[in-house]
Participant: 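One structure follows; several queries about it will come next.
From a predicted model like this one, the values you see are computed outputs, not experimental measurements. Here is the naming used below: chain letters follow the sequence lines, and residue numbers restart at 1 for every chain.
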There are 2 protein chains.
Amino acid sequence: VITMRDLKRHYSMGEETVKALDGVDLEFLKNDYAAIMGPSGSGKSTLMNIIGCLDTPTSGTYILNGQNVAEMDDDELARVRNREIGFVFQTFNLLPRINCLRNVELPLIYAGVNPREREERATEALNRVGLGDRITHKPTELSGGQIQRVAIARALINNPSIILADEPTGNLDTATSQDIMEIFSDLSKAGNTIILITHEEDIALYTRRIIRLRDGRIESDKKQ
Amino acid sequence: VITMRDLKRHYSMGEETVKALDGVDLEFLKNDYAAIMGPSGSGKSTLMNIIGCLDTPTSGTYILNGQNVAEMDDDELARVRNREIGFVFQTFNLLPRINCLRNVELPLIYAGVNPREREERATEALNRVGLGDRITHKPTELSGGQIQRVAIARALINNPSIILADEPTGNLDTATSQDIMEIFSDLSKAGNTIILITHEEDIALYTRRIIRLRDGRIESDKKQ
Ligand SMILES: Nc1ncnc2c1ncn2[C@@H]1O[C@H](COP(=O)(O)OP(=O)(O)OP(=O)(O)O)[C@@H](O)[C@H]1O
Ligand SMILES: Nc1ncnc2c1ncn2[C@@H]1O[C@H](COP(=O)(O)OP(=O)(O)OP(=O)(O)O)[C@@H](O)[C@H]1O
Ligand SMILES: [Mg+2]
Ligand SMILES: [Mg+2]
């Protein structure tokens, strides 16, 4: 469902070029469940942003569901981002001035879902990540791990077929992390494609494949 | 050096009261090296913000270096925050429009250090966390773990005697986390007071005392 050939992402900073990705070849099948690991700065989030159609490569090819992403127009890209891909960001990116129920409803508003169904589904999603009693809180009125869970609920609310999560348990204690990983495992059993970035080996053990990056390239790619 | 008696921090949200801290008794000695652990939402960051004089308790006493913090005036509080305490925030809080060298220099600017010494010390601090080649990058041009390391460098630059770090390795791979924990271990050997929040048991093992919170109260407090 995802094919990437010789993908590069370079940033030119004055005289220097930062090679965030430096030639990545990667394929994901429809029901893949993979963890991306690697040192800080090795290119994991950059790779994830390209997969999620939030960034474009400097060179190389990215084919998503049979279509070359470089040739998609803005409408097609918007549809992919809103309907087919759910993204949990490393820095959460919630809207600070609305409460977490509204934050989780946002993708449903873009999808044209009616208000009553929106509220029901968003409430259920927040209950599922253990935040049923924080629905009216704004992000500034939540703990770090609670903000992270709102971001997860928001990413999953549209039932996207591809789920990309960048350090989804980075701020969570062990017990809460296990709850979140069970949600991902259920989604994987339901047939979705799941790609996680994590620096914790315990979290990577939940997945079926571990891809390790180093200096913008793939160092290893093993099924487990 | 730190004494807290029956500390409470309540938030009133309409009809409900959120009891973020619900009666905490805690003491830290001058050279303590402690980890604070506990479930997401159990009050760790709230406790840390009160210790760091960034938030005031709803009730209870907090005595820092022999002084009752509730009785300090604004100048004394500012001096404590800028000179005596170094804070690594769970959400980093870097200024996005200046590069990371300038971000690390900020506490030195407030301390009135001259420009050339500022630049030398900030450069050295960034080298020590492995970011010598990222000095001109702004936070938006850094990876999550790199942003985290800039926040750490900034917190340590004034040589504060009390270091408070909220999930300092949350976005770091194992090798980089070890580098950071070595910096904290050196600072502990140099006589500083260090209090870390972490959800990772491996990180807590570097410290000499583990305090576990649950529902705004201390569940256990053990030397190790
Ligand atoms: N401004 C606020 N208004 C209302 N409730 C708040 C506010 N800030 C925090 N809370 C609540 O206080 C509780 C404790 O928050 P705190 O940030 O201290 O938790 P934490 O232990 O650091 O959690 P985490 O591990 O997720 O970072 C949480 O349940 C949170 O929802
Ligand atoms: N806008 C940018 N301009 C210049 N360099 C950038 C930019 N964004 C990222 N980089 C650099 O690209 C490299 C890869 O960044 P990326 O965020 O993908 O790393 P990462 O593997 O996710 O790291 P972490 O584990 O710390 O989150 C880093 O060295 C970073 O400094
Ligand atoms: Mg990253
Ligand atoms: Mg916290």
Participant: Select, from A/Thr136, A/Thr91, A/Val18, A/Leu142, the one with the greatest count of heavy-atom pairs under 4.5 Å involving chain B.
Facilitator: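 Max contact count across the listed options: A/Val18.
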Participant: Between A/Ile162 and A/Leu64, does a side-chain contact (heavy atoms from CB on, under 4.5 Å) hold up when you go through it step by step?
Facilitator: CA-CA 11 Å; A/Ile162 299 170; A/Leu64 173 65; 3.7 Å; yes
Participant: Side chain, backbone, both or neither: which part of B/Ser143 has an atom under 4.5 Å from a heavy atom of chain A?
Facilitator: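 For B/Ser143, the side chain is the part near chain A, not the backbone.
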Participant: Using a 4.5 angstrom heavy-atom cutoff, name the option from A/Gly145, A/Gly38, A/Ser40 with the most pairs to chain B.
Facilitator: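 Option with the top pair count is A/Ser40.
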Participant: Heavy-atom distance under 4.5 Å to chain A: side chain of B/Thr176, backbone, both or neither?
Facilitator: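 The side chain, not the backbone.
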Participant: At a heavy-atom distance under 4.5 Å, which candidate from B/Asn171, B/Asp166, B/Asp173 has the highest pair count against chain A?
Facilitator: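 That would be B/Asp173.
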Participant: Relative to chain A, which segment of B/Gln148 carries a heavy atom at a distance below 4.5 Å: side chain, backbone, both, or neither?
Facilitator: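 Contact with chain A involves no heavy atom of B/Gln148 at all.
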Participant: Is it the backbone or the side chain of B/Glu167 that comes under 4.5 Å from a heavy atom of chain A, or both, or neither?
Facilitator: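 Contact with chain A: side chain only.
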Participant: Is a salt bridge present between B/Arg128 and B/Glu124, judged by a nitrogen-to-oxygen distance below 4.0 Å?
Facilitator: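 Answer for the salt bridge query: no.
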Participant: Would you mind checking which part of B/Glu141 comes under 4.5 Å of any heavy atom in chain A, side chain (CB onward), backbone (N, CA, C, O), both or neither?
Facilitator: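 Looking at B/Glu141, just its side chain touches chain A.
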Participant: Would B/Arg209 pass as a cation-pi partner of B/Phe28, given that its NZ or CZ must be under 6.0 Å from the six-membered ring centre and within 45 degrees of the axis?
Facilitator: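 So B/Arg209 does make the cation-pi contact.
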Participant: At a heavy-atom distance under 4.5 Å, which candidate from B/Arg149, B/Lys44, B/Glu200 has the highest pair count against chain A?
Facilitator: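 Of the candidates given, the most pairs with chain A belong to B/Glu200.
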Participant: Quick one: do A/Ile194 and A/Thr207 satisfy side-chain contact (heavy atoms from CB on, under 4.5 Å)? Show the steps, please.
Facilitator: CA-CA 9 Å; A/Ile194 303 187; A/Thr207 68; over 6 Å; no
Participant: Can you tell which of B/Ser42, B/Gly14, B/Gly144, B/Ala175 has the highest number of heavy-atom pairs within less than 4.5 Å of chain A?
Facilitator: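 Among B/Ser42, B/Gly14, B/Gly144, B/Ala175, the one with the most close pairs to chain A is B/Gly144.
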Participant: As an exercise, state the distance from CD of A/Glu105 to CZ of A/Arg102, rounded to the nearest 0.5 Å.
Facilitator: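 Between atom CD of A/Glu105 and atom CZ of A/Arg102 there are 4.5 Å.
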Participant: May I have the step-by-step check of side-chain contact (heavy atoms from CB on, under 4.5 Å) for B/Phe87 and B/Asn49, ending in yes or no?
Facilitator: CA-CA 9 Å; B/Phe87 209 124; B/Asn49 287 338; 3.4 Å; yes
Participant: Between B/Thr169 and chain A, with a heavy-atom cut-off of 4.5 Å, which part of the residue counts as in contact: side chain, backbone, both or neither?
Facilitator: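 Contact with chain A: backbone only.
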Participant: Is it true that A/Glu201 and A/Arg212 have a side-chain N and a carboxylate O under 4.0 angstrom from each other?
Facilitator: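 Looking at A/Glu201 and A/Arg212, the cut-off is met.
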Participant: When heavy-atom pairs shorter than 4.5 Å are enumerated against chain B, which of A/Met37, A/Gln146, A/His137 gives the highest number?
Facilitator: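 Most pairs with chain B among the choices: A/His137.
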Participant: Between OH of B/Tyr11 and CG of B/Leu21, what distance do you get to the nearest 0.5 Å?
Facilitator: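 That separation rounds to 8.0 Å.
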